[in-house]
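Bear in mind the structure is a predicted one, so any value in this text is a computation, not a measurement.
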Amino acid sequence: MTAATTQERVSQRVPLWRDVIVLKWVTQLFLLLVVLGAMWFLASQAGDNLRARNINTEFDFLERPVDIQISEGIDTHPDTGGRALWAAMVNTLRLSISGILFASVLGVIVGLARLSDNWIVRRIATGWVEVLRNIPLLVQMVLIYSALTALPRVGLDTGPINGWLHISNKGISMPRIFLADGFYQWAIVVLLGVMAAYFVRRHRQAIQDKTGVHTSPTLWALGTVAFFGFVGLFIHPAFSWLGPVFDGVADLLDSLPNAVPQLLFVLIAVGGATAWIRRFISDRRSALGHLTISDDDWFRIAFTAVASLAVVLLIFRWSGLSAWTLNSGRDLFEVLADKFNVDGAARPFDAMRPDIIQKGKFPNYGKNGLTMSLGFASVFFAVVFYTSAFIGENVRGGILAVPVGQTEAAKAVGLSRGQIIRHVVLPQAFRVILPPTGNQYLNLTKNTSLAVAVGMSDMVQVGTTVFNQTGMTLPVVAIWMLFYLSCSLTISVIVNWFNVRMRLVER
Amino acid sequence: MTDTTPVEPTDGQTRDLSGARDMIVCENVSKWYGDFQALDGVSANIKEQEVVVVLGPSGSGKSTWIRCINRLEIHQQGRIVVDDVELTNDLRNIEKVRSEVGMVFQQFNLFPHLTIMDNVTLAPIWVRKKPRAEAESQAMALLERVGIPEQAEKYPGQLSGGQQQRVAIARALAMEPRIMLFDEPTSALDPEMIKEVLDVMKALALSGMTMMVVTHEMGFAKEVADRLIFMEDGQIVEQNTTELFFSNPTEDRTKAFLSQIL
C-alpha cells in the first residue's frame, strides 16, 4: 500500500518535458508527421506538374501492342509492352542467377588461389584480381564482345551442328539434354535402386557401428542409385510390360460396377472402426485382465461406431463419389499406361543439337539445343569475371580472419590439412565471407543492366525501347525500380537467413 | 589465492624415474626467426610419466620449445625424437606424433562454431575413426573427469575461461595422448579460475601422464613437478629436481629469477 503510493508520487514528480518515455514518443510522432508531410507535398506537386504537362502515368500500355524485337529469350516478337518487359525480365533473371552461381564458384577458387603456397598460382590469382577490379566493367564487357565477334563464322549453311560444342561469332552452342519417351521405364529402375540403396546404407551403417571403421554409408547409397541409373540406361525396356498391365487395370476399373468401390469403402469404414474399438478395449484391460471403461471411454466407442455408420450411409446416398473414384482411377492408369507403352528402342534421355535453320544464324535458345548468344555471353563472362575478383577477396579475407590459434589447435589434435579446412577453417570463414558476398550478388544483379551496351535485351534495354515507343517513361521506371528492388530484397533475405544460421552462440 | 591446501610433496616428487625410458629427446635444438635466435642448442630428455615444468622470463624460448615438440614450430637444427619417432619433414611422422601428443594453449583455442561435445569428439571421429556413439560416451567421461559434464551441449562462448580451458584439456585427452604439453595454461585466466584448471592438471599428473608444462604457477611447480627447467635467451640455464631447484639453485640468473617471483 505504502509502496504503491510512493511509486505514484515518484511518477507524478517527473515533469512531462523531462520524462524520457514521453520525449521518445513525441520525437517519433513528430518525425513521422514530417516525413508523411514531405511525401504528401512531393506527391501532390508531382501530380500537379504531370497533369499540367499532360504526361500520362497509366499502366495500360502494358496491354497495347508494341513493335519490339528482342535479341533472345522466351519471346522474340512480343505482342504487347507487358509481354516484352516480361521476356526481358526473364533474360535479366537468367543472367543474374547463372552469374551468381558461376561467380561464386570462380570467386572461391580465386580466393583460395591467392592464399596458395604455390608462388605461380598465387601470382596469377593476384594478377586476376588486380586487373579485373581496376578496369571498369563496361570496358570489360565491350572488350569481351569484340573478342567474341572476331570468332569464326558459322561453318554450316543448314542442319544440326556436329559435336558437343560449337563456338562461332553467332554464339556458343551446345546440345540440350531432355527427358525422352523411355524415361518412365528408366525411372522404375532408379526407384528399385533407391530401395536397394536403403538396405545398402543400413548394412554399411551396421558395419561402421560395430567396428568403428568409416564405411561412408551415404556414399555407398548414392553409388547404388548411380549404378542402377547407369544399368537402367540399357535395361529399361525390361519394364515395358508395365504398359499393358496398367492398360488392363484401367480397363478393369472402367468395367467395374459402382457397387464395388461402395463395398470397398464400407468395408474400410466398418473394419477400421471395429479394429479401433477392439484395440481400444484391449488397451483398457489391465495386465490381470480386469477391464475398466469410464464414461469418457464409452463415449469414444459410441462416437467411433456412429461415425463409421454415418460414413456407410454417405457412401450409399452419394453414388457420384464411387463413380468419380472409378473414373479417376481409370484415368490415372491410362496416363501411366501411355507413359510405358512406348517404342522398345526409346531412350530415357535424348540430346538435341542446335539446329541451323537459316544461313549463318542459330535459332533462339529454348527450342533446339542451348545457344548462348554473343550478347548474353559477353554480359555473362564480364559480370562473372568482374564479380569473381571481389568475391575472391572476400574469401581470402574470411579465411585470414580465422585466428591462427584455431589452425594450431586443430593441428595439435592431429587433424589433417583437408580436415582442418573442412571442419575448422571454412565454417568459421563462411560467416565472415557471407555478408560482403551478399553485397556482391546485389551488385552483380544490378550490373547486368549494362547489357544495353552490347545489344543484349535485358530489362533496361527493352524498357528503354518500350518508353521510347509509348512515351510512358515514369511507369517503365517504376517497373524497373520495383523489379530490381525485389531482386535485391530476395537476395538480402536469403543471405540474412544464412547469416542468422551461421551466427556464433555466445552468452 | 584461495588455494589453502598446503604445498606438500606428492608421489611424483619422491618417485624414482631413472629406470624409465625417454619419451622426449631433444638434442641441440636451435631455431631462428630471421636474425633472432629463439632456441640455442636446447638439449633435454623427458622420461615416461615425468612431469617437467619449464620456467623463465618472457621471450626466453619456453613456448617456442614446446611448440617444436609437436611441430607447430619447425626447428632448424638438432634432433627431436618423440616416443621413438623423429620429427622430420615426413608428414606421416608429424601426424603420428601429433596424435600422441596433446597440447593445451594459453588462449584455449576451442572451436567456437562447435558445441563442447563436438569440440571434444571432432578429432576422435575424424582422426581415430571412432564411431560417433563411442566417441561421445568417451567425451562425456572426459568432461566428467574435468568436472563439467553439464556443459556438453553449450558453445565455448557460453563458458567461463576456466571452464573453456578444462574443455581444452578434455579435447586433448580425447585423443588418448601419451604426452601432454601445456603452454601457459592459466595465464589468460582470472585468479579465481586458475585453481580449477590446476586441479585438473594435478589429477592428470597423478594418473601417470608424461607432462611438459610452461607456467608461472610456482605452487603447482613445487607440488607436482618432478623436475624444473629454467630457460633464458633460448638456452637451458639450469635444470634440477624440484626440491634442489628451489632449495639450492646454482646459477646466478636462476637465483635472481627465483628471488623476483617467490
- W25(A), CH2 atom: more than 12 neighbouring heavy atoms under 6.0 Å: no
- Item | Proximal component of R422(A), with respect to chain B [non-hydrogen, under 4.5 Å] | side chain
- Message: Looking at P149(B), is its backbone amide N or carbonyl O close enough to the side chain of E144(B) to form a donor-acceptor pair, meaning the two atoms are under 3.5 Å apart?
- Response: no
- Message: Checking an interface table here. Which of residues 428-442 of chain A come within a heavy-atom distance under 4.5 Å of chain B?
- Response: Q428(A)
- Task: May I ask you to check whether over 12 heavy atoms, not counting those of F483(A), lie within 6.0 Å of atom CZ?
- Result: yes
- Query: Any donor-acceptor pair under 3.5 Å linking the side chain of Q138(B) with the backbone of A174(B)?
  - Reply: yes
- Around atom CD1 of I21(A), are there more than 12 heavy atoms of other residues, nucleotides or ligands at under 6.0 Å? no
- Query: By a 4.5 Å heavy-atom criterion (distance strictly below it), what part of Q107(B) contacts chain A: side chain, backbone, both, or neither?
  - Reply: neither
- Just say parallel, tilted or perpendicular for the rings of F385(A) and F381(A), cut-offs at 30° and 60°. tilted
- Message: Quick one: does any side-chain atom of E134(B) pair with a main-chain N or O of P131(B) as donor and acceptor, under 3.5 Å?
- Response: no
- Message: Going by side-chain contact (heavy atoms from CB on, under 4.5 Å), V383(A) matches just one of N443(A), T445(A), L444(A). Which one?
- Response: L444(A)
- Message: Counting only non-hydrogen atoms closer than 4.5 Å, does F105(B) touch chain A with its backbone (N, CA, C, O), its side chain (CB onward), both, or neither?
- Response: side chain
- Message: Which atoms of L110(B) are under 4.5 Å from chain A, going by heavy atoms: the side chain, the backbone, both sets, or neither?
- Response: backbone
- Where the side chain of S388(A) meets the backbone of G107(A), is there a donor-acceptor pair that is under 3.5 Å apart? no
- Item | Donor-acceptor contact present, side-chain R67(B) to main-chain L72(B), <3.5 Å | no
- Message: Looking at every non-hydrogen atom in both residues, tell me the closest pair between V97(B) and I69(B) and how far apart they are.
- Response: CG1-O, 3.8 Å
- Against chain A, work out which of K96(B), R171(B), M103(B) has the most heavy-atom pairs shorter than 4.5 Å and name it. R171(B)
- Message: Are there residues of residues 122-133 of chain A whose heavy atoms fall under 4.5 Å of chain B's heavy atoms? If so, which?
- Response: none
- Message: Keeping T115(B) on the side-chain end and D118(B) on the backbone end, is there a donor-acceptor pair under 3.5 Å?
- Response: yes
- Contact origin within Q419(A) toward chain B - heavy atom pairs under 4.5 Å: side chain
